[in-house]
Undergrad: 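Provided herewith is a single structure, encoded as structure tokens, for subsequent inquiry.
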Amino acid sequence: MRVIVVENKREMGRRAADLVVAEMARHHNPVLGLATGSTPLPLYEDLIRRHRDDGLDFSTCITFNLDEYVGLEGDHPQSYRHFMNEHLFDHVNVNKRNTHVPSGNTMDLDRIEAICEEYEQRIDDVGGIDLQVLGIGGNGHIGFNEPGSSLGSLTRVKTLTTKTRQDNARFFDSFDEVPTYAITMGIGTILNARRVLLLASGENKADAVAAALEGPVTASCPASTLQLHRYATFVIDSAAAGRLQLEGYEH
Ligand code: F6R
């Protein structure tokens, strides 16, 4: 695995943007897997700046987001579709028809199952994901694959842990408003991406990052499964790297 330790989250965003731009240049129709949450915001800000100042072109990009809450309409301010429009898609020249976020606007379980299958099919139809961007949960989750998730899992509905709902309650008016279920790409979906780029910043991620990089491969820390990936890169700030024991990481 390639591990790049940078000084702060701004630098994390810049280095991550370098890698995303390099990937975009490799393909006529780059297929990017994207994440929501606070961590990728510096990356998205950097990509928007490059679009504005340097003409970085998103017109041929196809995107697939990792996950979406179940029970929120796409225009709900806390839906991940809304998040992506607000923090990236509305500011670059991507064709919104080529941006995919699982649709979570139904509570009908049969319909949700069909949505998950269609999502996997769409990823296959465009030839798979070239580069998947990830954050990491304080408990080591990737996407909404909480500890204990099956290592071969594909897109499906998952129950969120209380810890994840508490972590995400900051974006809602109250804890009770945080949805209980989400649709998420599986660990298998993520491992199928040709390259994976995990970002982490802040001391509250240090334990999860250490477990992911230096612990055993285990479903108890879903991010540790990236050790099995041939092209996984971590770009992390020094606070998130604070509990790593091994030497020799790139700076
Ligand atoms: C977001 C996602 C989650 C987040 C993780 C970290 O699409 O799938 O796994 O990446 O919960 O969230 P932040 O970045 O807010 O700390």
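Scope of the values below: all heavy atoms of this structure, side chains included, with no hydrogens, waters or symmetry mates. Just follow the structure's listing: the first ligand is 1, and inside any ligand the first atom is 1. Numbers here simply count residues along the sequence, with the first being 1. This is a predicted model, so every value here is computed, not measured.
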Undergrad: Among protein heavy atoms, which sits nearest to atom 6 (C) of ligand 1, and what does the distance come to when rounded to 0.1 Å?
TA: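 Among all protein heavy atoms, the one nearest atom 6 (C) of ligand 1 is Ile136 O, 3.4 Å.
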Undergrad: Measure the CZ-OG1 distance between Arg165 and Thr159 for me, rounded to the nearest 0.5 Å.
TA: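 With rounding to 0.5 Å, CZ (Arg165) is 10.0 Å from OG1 (Thr159).
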Undergrad: Counting heavy atoms only, which part of Glu146 comes closer than 4.0 Å to ligand 1: side chain, backbone, both or neither?
TA: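 It is neither; nothing of Glu146 touches ligand 1.
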Undergrad: Using a 4.0 Å cutoff against the non-hydrogen atoms of Gly135, which atoms of ligand 1 qualify?
TA: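 Counting from 1, the qualifying ligand atoms are 10 (O).
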Undergrad: With distance as the sole criterion, is a donor-acceptor pair present between the side chains of Ser103 and Arg81 under 3.5 Å?
TA: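 No, no side-chain donor-acceptor contact under 3.5 Å.
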Undergrad: Tell me which one of Leu41, Ile48, Thr36, Leu34 satisfies side chain to side chain contact (heavy atoms under 4.5 Å, CB included) with His87.
TA: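 Passing option: Leu41.
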Undergrad: Can you give me every donor-acceptor pair (side chain of residues 199-220, partner residue at least two apart or in another chain, under 3.5 Å) with its distance?
TA:
residue: Lys205; atom: NZ; partner: Ile136; partner atom: O; Å: 3.0
residue: Asp207; atom: OD1; partner: Arg243; partner atom: NH1; Å: 3.0
residue: Asp207; atom: OD2; partner: Arg243; partner atom: NH1; Å: 3.4
residue: Glu214; atom: OE1; partner: Gln245; partner atom: N; Å: 2.8
residue: Glu214; atom: OE2; partner: Gln245; partner atom: N; Å: 3.2
residue: Glu214; atom: OE2; partner: Leu246; partner atom: N; Å: 2.9
residue: Glu214; atom: OE2; partner: Tyr249; partner atom: OH; Å: 2.7
residue: Thr218; atom: OG1; partner: Ser220; partner atom: N; Å: 2.9
residue: Thr218; atom: OG1; partner: Ser220; partner atom: OG; Å: 3.3

Undergrad: Which option, Gly202, Gly143, Ala35, owns the non-hydrogen atom nearest atom 3 (C) of ligand 1?
TA: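 Comparing heavy atoms across Gly202, Gly143, Ala35, the nearest one to atom 3 (C) of ligand 1 lies in Gly143.
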Undergrad: Give a yes or no on whether the backbone of Asn29 and the side-chain of His27 come within a donor-acceptor separation of less than 3.5 Å.
TA: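 Looks like no, no N/O pair under 3.5 Å.
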Undergrad: Applying a 4.0 Å heavy-atom criterion (strictly less than), which segment of Thr36 is in contact with ligand 1: side chain, backbone, both, or neither?
TA: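 Both the backbone and the side chain of Thr36 come within reach of ligand 1.
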Undergrad: Going by distance alone, is a donor N or O of one side chain under 3.5 Å from an acceptor N or O of the other, for Asp176 and Ser174?
TA: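 The answer is no; no qualifying pair exists.
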Undergrad: Going by the rule salt bridge (Lys or Arg N to Asp or Glu O under 4.0 Å), which residues pair with Arg10 if we only count those two or more places apart in sequence or in a different chain?
TA: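 With neighbours one apart ignored, the set is empty.
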Undergrad: Give the residue, atom name and distance (to 0.1 Å) of the protein heavy atom nearest atom 5 (C) of ligand 1.
TA: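 Of every protein heavy atom, His141 NE2, 3.4 Å lies nearest to atom 5 (C) of ligand 1.
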Undergrad: Which atoms of ligand 1 are found less than 4.0 Å from any heavy atom of Arg170?
TA: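 Answer for ligand 1: 15 (O).
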Undergrad: Under 4.0 Å, heavy atoms only, figure out whether ligand 1 is touched by the backbone of Thr164, its side chain, both or neither.
TA: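 For Thr164, there is no contact with ligand 1 at all, from either part.
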Undergrad: Show me which atoms of ligand 1 lie under 4.0 Å from any heavy atom of Thr39.
TA: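 Answer for ligand 1: 13 (P), 14 (O), 16 (O).
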Undergrad: Heavy-atom distances under 4.0 Å are what count here, so tell me which part of Leu66 touches ligand 1: side chain, backbone, both or neither.
TA: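 Under 4.0 Å from ligand 1, Leu66 contributes side-chain atoms alone.
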Undergrad: Going by the side chain to side chain contact (heavy atoms under 4.5 Å, CB included) test, name the single residue among Val196, Leu197, Leu131 that passes it with Thr233.
TA: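 Running side chain to side chain contact (heavy atoms under 4.5 Å, CB included) over Val196, Leu197, Leu131 with Thr233 returns exactly one hit, Leu197.
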Undergrad: With heavy-atom distances below 4.0 Å as the criterion, list the atoms of ligand 1 near Lys205.
TA: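 It comes down to these atoms of ligand 1: 6 (C), 13 (P), 16 (O).
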Undergrad: Provide the number and element of each atom of ligand 1 under 4.0 Å from a heavy atom of Gly37.
TA: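 Listed by number with element: 14 (O), 15 (O).
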Undergrad: Relative to the heavy atoms of Asp67, which atoms of ligand 1 are at a distance of less than 4.0 Å?
TA: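 Reading through ligand 1 atom by atom, the close ones are 1 (C), 2 (C), 7 (O), 8 (O).
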